[in-house]
Asks: 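Before I ask anything, let me first share the structure, which is written out below as structure tokens.
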There are 2 protein chains.
Amino acid sequence: MGTVSKALSLLSFFAPDRTEIGLSDLTRLSGMNKATVYRLMAELQESGFVEQGENDRAYRLGPQVLHLAALREASTPILSVSRRILRELSEETGETTHVSLGHDGWVQTLSHAYSPRHATKVTMEDAQTVTYHATSSGLAILAYSDPEFVDRILSQPMTAHTQLTLTSQDEIRAKLEEIRNQGFSSTEGSFELEVHSHAVPVFGADGNALGALAVAAPSSRMDAPQQAKIREALCRAGADLTHRIGGRPPASYTFYEGH
Amino acid sequence: MGTVSKALSLLSFFAPDRTEIGLSDLTRLSGMNKATVYRLMAELQESGFVEQGENDRAYRLGPQVLHLAALREASTPILSVSRRILRELSEETGETTHVSLGHDGWVQTLSHAYSPRHATKVTMEDAQTVTYHATSSGLAILAYSDPEFVDRILSQPMTAHTQLTLTSQDEIRAKLEEIRNQGFSSTEGSFELEVHSHAVPVFGADGNALGALAVAAPSSRMDAPQQAKIREALCRAGADLTHRIGGRPPASYTFYEGH
DNA sequence: TCGATTGGTTCATTATTCGAACCATTGGTT
DNA sequence: AACCAATGGTTCGAATAATGAACCAATCGA
């Protein structure tokens, strides 16, 4: 494994519930020698990717990650554009809405909005990482990704989050075909029991899905009229989001409305 | 120079007006051998920091930078918290407001808000990089930073952006002392002629300034009552922002109001 | 058709990284 | 107060990874 990859892999140990990590903890988590970890972190620190407190010498993510994120937003402003779209979609449907980003091997919840309409709602946190196969968003992304990428994702072991999670390749591929036919994904109890989610892909400039826009609700509220409403609202919002971040759907995707 | 630092330095060539860079351009910009650039970018790509289009093989920043930024926000939510504070401060003062982040060697405009009150306004873009010595925000950060950090910043060559830019160490150190005495910085025409800016530091958990909150306006509108209003509003907003991102000012900083 | 430029590749040589062993400090326990 | 475990940090001979000159195929403009 290259030196750069080793260094960057150290950054992947940071998590929403682990925003500070000491040298010895990183050594344990990574399995690398402590001197190696120290040197790699020193270079990351010099480059602004991590920083240390003065007294508490634990490592934290540094300002450079915000700078690069802002630069990424300059070209694909998914974070800033999705904020309002999530809020409006949440108000319109009365449910939790969120935008996810596809990574190599996992899906990231990027941003979300809650509706105050119901006290019971699906909650989530940004920067959370979830699997492709078990989530509505992940499946929506896969359905409109490169076949090689899909192969790579589906060749990894697929864990069952609930007893309703699809884990066999055949089942998942059939599900992807269903999504391609109807333009959105719908899962119930796949990632979490009693939660019904719908998602549509969000496309980049190259016509591949780079993320997904989703509505998640307790299954008990999801009657047929409400589902139809969510699907229609999602297709409109997905078109809007893709369009405004400078993306465009592939010719085969004809489900967006209003664009 | 370590291999990790070399790889990460390639990322610093991305800019708001250069969100895509080809292999040969990166080779020219960096001065490294093309094979080296290729391999380093391949590792950055494997780690999700950059990606390439399918047809257009130019490199762009990848999804991992958004993920890390979201993780950084989990511990120091300066981006999300500042959004509303910027908007309210902008409405209250009628001028452009912005939050900046201090990096090693430069200052980044992180987020901004415009007021619709006047047609003539100071404009800016996120992810823009500016200097410490020539900006109100930069000077506000320096005034509340480690002496060693200040020494390092002031030992670099200091360019004059306008004929009003302070460039001598003595002048700048005197300015920093003035800021420490009054709790905010005020510059006129230093970075751009006809622009008057005020800024207060934003502190991290360790009592050092990690950023600044600023109001920028055309000098022609800055009469004494308006300046007093801006200063008072900035101190209040700066206290609010520092407090809500989990920071705390050093004992010597007594200018925040409301906290 | 040709030349310039692009993105990408190879392998002998060179430079960097590695990690076992070590150190100083800190904090908890007895 | 003494001891031990754990922390962050350091060293240098050995091992490994990175380097870059030279090359290739494709593309595009003249």
Asks: State, yes or no, whether a side-chain contact exists between A/Q108 and B/P63 at a heavy-atom distance under 4.5 Å.
Replies: no
Asks: Any idea which heavy atoms bring A/F13 and A/R18 closest together, and the distance?
Replies: O-NH1, 3.1 Å
Asks: Please tabulate, one pair per line, each protein N/O and nucleotide N/O from nucleotides 10-16 of chain D that are separated by under 3.5 Å, including the distance.
Replies:
unit_1 : atom_1 : unit_2 : atom_2 : d
D/dT10 : OP2    : A/Y38  : OH     : 2.6

Asks: Does a side-chain heavy-atom distance below 4.5 Å link B/Y59 with B/L26?
Replies: yes
Asks: A/A199 and A/A214: which non-hydrogen atoms are nearest, and at how many Å?
Replies: CB-CB, 3.8 Å
Asks: If you walk 5' to 3' along DNA chain C, what is the first nucleotide with an atom under 4.0 Å of a heavy atom in chain A, and what is the last?
Replies: C/dT17 to C/dA20
Asks: Got B/V130 and B/F191 here, is their nearest side-chain heavy-atom distance under 4.5 Å?
Replies: yes
Asks: How about CD on A/Q45, more than 12 heavy atoms from neighbouring residues, nucleotides or ligands closer than 6.0 Å, or not?
Replies: yes
Asks: Quick one: list whatever passes ring-ring contact (aromatic ring centres under 6.0 Å, His included) with B/H98, sequence neighbours left out.
Replies: none
Asks: Indicate the atoms forming the closest heavy-atom contact of B/G102 with B/Y132, along with that distance.
Replies: CA-OH, 3.3 Å
Asks: Quick check: do A/L11 and A/V65 have side-chain heavy atoms less than 4.5 Å from each other?
Replies: no
Asks: Do B/L8 and B/L44 have side chains that approach each other closer than 4.5 Å (heavy atoms only, starting at C-beta)?
Replies: yes
Asks: Quantified as the angle between the terminal helix axes (five pairs each), what is the overall bend of the helix from C/dT1-D/dA30 to C/dT30-D/dA1 to 10 degrees?
Replies: 40°
Asks: Of all residues at least two apart in sequence or in a different chain, which pass the ring-ring contact (aromatic ring centres under 6.0 Å, His included) check with B/Y38?
Replies: none
Asks: Check the phosphate of D/dT7 against A/Q52, side-chain N and O only, distance under 4.0 Å to OP1 or OP2. Yes or no?
Replies: no
Asks: On DNA chain C, check which nucleotide each of B/D25 and B/M1 is closest to and give me the residue with the more 5' one.
Replies: B/D25
Asks: Considering all heavy atoms of both residues, which atom of A/M158 and which atom of A/I153 are nearest to each other, and what is their separation?
Replies: SD-O, 4.5 Å
Asks: Return the residues of residues 3-10 of chain A meeting this criterion: a heavy atom under 4.0 Å from some atom of DNA chain D. Order them by number, or give none.
Replies: A/T3
Asks: So, OP1 or OP2 of D/dT7: does either fall under 4.0 Å of a side-chain N or O from A/R28?
Replies: yes
